[in-house]
Amino acid sequence: MARIDIHDRLQGQRRQRLAQGRQRQRRTVARRDGVRLEVDGRWLTGFCSSDYLGLASQFEVAAALQDTAAREGVGATASHLVCGHHAVHEQLEREMAEWLGVPRALLFGSGFAANLAVQQALLEDSDVCVQDRLNHASLIDASRLAGCRLRRYPHLDAEGAMRQLRNAPEGAAMLATDGVFSMDGDVAPLRALSLVARTQQALLYVDDAHGVGVLGPEGRGSVAEAGLDANDVPLQLATLGKALGGYGALVAGDADLVEHLAGTARPYLYTTALPPALAAASLAALRLARRDEWRRERLRELIGLFRDGASRFGLDLMPSATPIQPVLCGGEAAALAMSAAVERAGFLVTAIRPPTVPEGGSRLRVILSALHTPQQVQALLAAIADARDRVAGGREAVA
Ligand SMILES: *Cc1c(COP(=O)(O)O)cnc(C)c1O
């Protein structure tokens with residue numbers, strides 16, 4: 001084996017991505033005003049953020065952040081177990097647990113870190129983690145970090161999960177799934193999965209990053225929507241960066257399991273606590289998310305409007321009842337061309353391509369927010385349909 005130069009290797013990989021048209025580009029937002037974004041000197045209407053309830057720019061949420069930062073400073077200055085654990089962190093954990101109807105919740109710096117922590121702290125080499133094929137990247141990477149065996153089952157297939165668990169009868173087992181899938185917007189069959197977990201003595205873990213705040217009674221998420229509780233789902237992930245409009249995440253559920261994470265999970269112990277001001281903002285957001293049923297109602301209306309309009313225009317939708325509404329585009333080049341055309345019409349919608357989604361699954365991922373107006377949704381639909389016609393008719397340059 002010869003030593004490999006990392007720069008050389010990167011160059012080869014970059015060339016390959018370019019040849020496949022798979023280079024990725026960040027867009028810089030100069031200013032933001034609700035769903036309006038200033039990008040490259042133009043104001044666009046964004047249909048790509050996960051600010052489902054419009055809480056990221058809500059006045060009381062921003063005020064809580066400002067007030068707390070003015071009083072307590074910005075950084076937490078230490079990890080939770082040193083001296084970074086603030087009363088507002090504690091209050092956020094208590095109210096999240098109460099909202100979700102579970103005994104205990106633990107605050108993490110991000111959902112990605114929380115997912116790493118859960119498997120790293122609970123699973124060992126001889127254990128197995130059985131996961132939906134379309135689970136979030138952080139759940140997949142968590143199994144690698146834990147060193148356990150990772151077995152995947154076909155998307156939404158509870159029987160497939162059962163088979164994988166039966167095939168791995170030794171060691172402890174976790175069954176992990178997204179509650180709402182981030183690229184497809186569909187919802188995991190949680191009742192069936194909880195039965196599978198029960199019969200196979202597996203711990204069911206639901207990553208509800210996109211469900212909390214959006215689904216279920218009081219916005220308690222996909223677990224509550226499925227009529228399940230902490231006995232069925234011993235641990236779940238609630239993120240603060242999506243419907244709650246902030247940053248960070250909580251793992252919520254069984255007190256014993258959560259205490260174990262607090263005492264042993266490396267992504268919890270060896271990192272600086274979230275800024276207290278952010279926790280205060282999330283606390284304000286949580287209360288609004290819980291109270292403001294009108295935000296969810298508005299969202300449901302817009303989802304209905306979007307789906308009705310899309311079917312009138314003959315757009316290729318996926319079976320999603322959530323604010324994540326993918327429009328399938330055929331190939332990768334068509335998805336990129338449609339995204340560019342839609343942007344010229346004044347809308348920012350992300351084209352999602354392999355390897356993020358399977359080959360042939362390239363799409364525009366439209367994400368709706370309670371802040372959108374019906375007029376904005378109608379205008380978006382017309383722009384997408386026009387873009388599709390232009391691409392299909394060869395009037396739109398395809399890369
Ligand atoms: C966004 C997301 C995460 C990561 O959460 P962050 O707080 O953004 O790190 C985890 N799981 C799913 C399903 C997500 O969509």
Side-chain angles (χ1 to χ4, degrees), residues 26 48-53 55-56 89 92-93 96 100 105-120 129 131-146 150 152 155-156 174-190 193 204-216 221-223 225 233 235-253 261 265-268 271-275 278-279 281-282 285-286 289 318 320 322-326 350 352 356-357 363 365-369:
R26 325 186 280 199
C48 44
S49 95
S50 299
D51 183 23
Y52 302 119
L53 302 178
L55 293 175
H89 295 137
L92 177 58
E93 291 179 344
M96 180 61 82
L100 300 182
L106 184 70
L107 177 63
F108 285 83
S110 74
F112 205 109
N115 275 344
L116 295 183
V118 166
Q119 291 186 49
Q120 186 264 317
C129 187
Q131 302 203 24
D132 188 292
R133 191 167 284 289
L134 296 191
N135 271 357
H136 191 261
S138 55
L139 288 169
I140 306 296
D141 291 3
S143 289
R144 297 210 181 103
L145 177 64
L150 168 65
R152 305 221 251 173
H155 185 46
L156 306 181
M174 180 179 288
L175 172 52
T177 182
D178 285 16
V180 175
F181 287 85
S182 49
M183 296 301 148
D184 292 34
D186 48 3
V187 177
L190 292 182
L193 290 173
L204 180 56
Y205 179 62
V206 177
D207 174 343
D208 209 20
H210 299 276
V212 167
V214 174
L215 299 180
S222 42
V223 173
E225 167 110 318
V233 182
L235 286 179
Q236 61 175 302
L237 178 76
T239 54
L240 301 173
K242 288 169 180 149
L244 295 183
Y247 192 71
L250 293 97
V251 175
L261 295 184
R266 294 165 68 87
Y268 183 74
T271 191
T272 305
L274 201 72
L278 257 173
S282 294
L286 184 158
M318 294 179 73
S320 161
T322 69
I324 301 170
Q325 291 290 332
T350 321
I352 311 265
T356 307
V357 290
R363 65 196 65 175
R365 184 180 58 167
V366 172
I367 305 184
L368 299 166
S369 160

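Residue numbers count from 1 along this sequence. First listed ligand is number 1; within each ligand, the first listed atom is number 1.
Looking only at side-chain heavy atoms (C-beta outward), Leu237 and Val206 stay at 4.5 Å or farther from each other.
For atom 5 (O) of ligand 1, the nearest protein heavy atom (residue, atom name, distance) is Gly111 CA, 3.3 Å. Looking only at protein heavy atoms, the nearest one to atom 9 (O) of ligand 1 is Phe112 N, 2.9 Å. When hydrogens are left out, the protein atom nearest atom 1 (C) of ligand 1 is Lys242 NZ, 1.4 Å; that is the closest non-hydrogen contact. In this structure, atom 11 (N) of ligand 1 lies nearest to the protein heavy atom Asp207 OD2, 2.5 Å.
Listed by atom number, the atoms of ligand 1 under 4.0 Å from Ala209 heavy atoms are 2 (C), 11 (N), 12 (C), 13 (C), 14 (C), 15 (O). For ligand 1, the atoms closer than 4.0 angstrom to any heavy atom of Ser138 are 10 (C).
Distance alone, capped at 3.5 Å, is enough to place a donor-acceptor pair between the Ser49 side chain and the Asp51 backbone.
For Ser138, the side-chain hydrogen bond (donor to acceptor under 3.5 Å, both in side chains) partners are Asn115, His136, not counting sequence neighbours. By the side-chain hydrogen bond (donor to acceptor under 3.5 Å, both in side chains) test, Gln325 is found to be paired with Arg307, Ser320, residues two or more places apart in sequence or in another chain being considered.
In this model, no donor atom of one side chain and acceptor atom of the other lie less than 3.5 Å apart for Gln131 and Thr177.
Residue contacts with ligand 1: His210 is placed with a nitrogen or oxygen under 3.5 Å of a nitrogen or oxygen of the ligand (distance criterion only).
Both the backbone and the side chain of Ser110 come within 4.0 Å of ligand 1, counting heavy atoms alone.
Ring centroids of Phe181 and His210 are separated by 6.0 Å or more, keeping the two rings apart.
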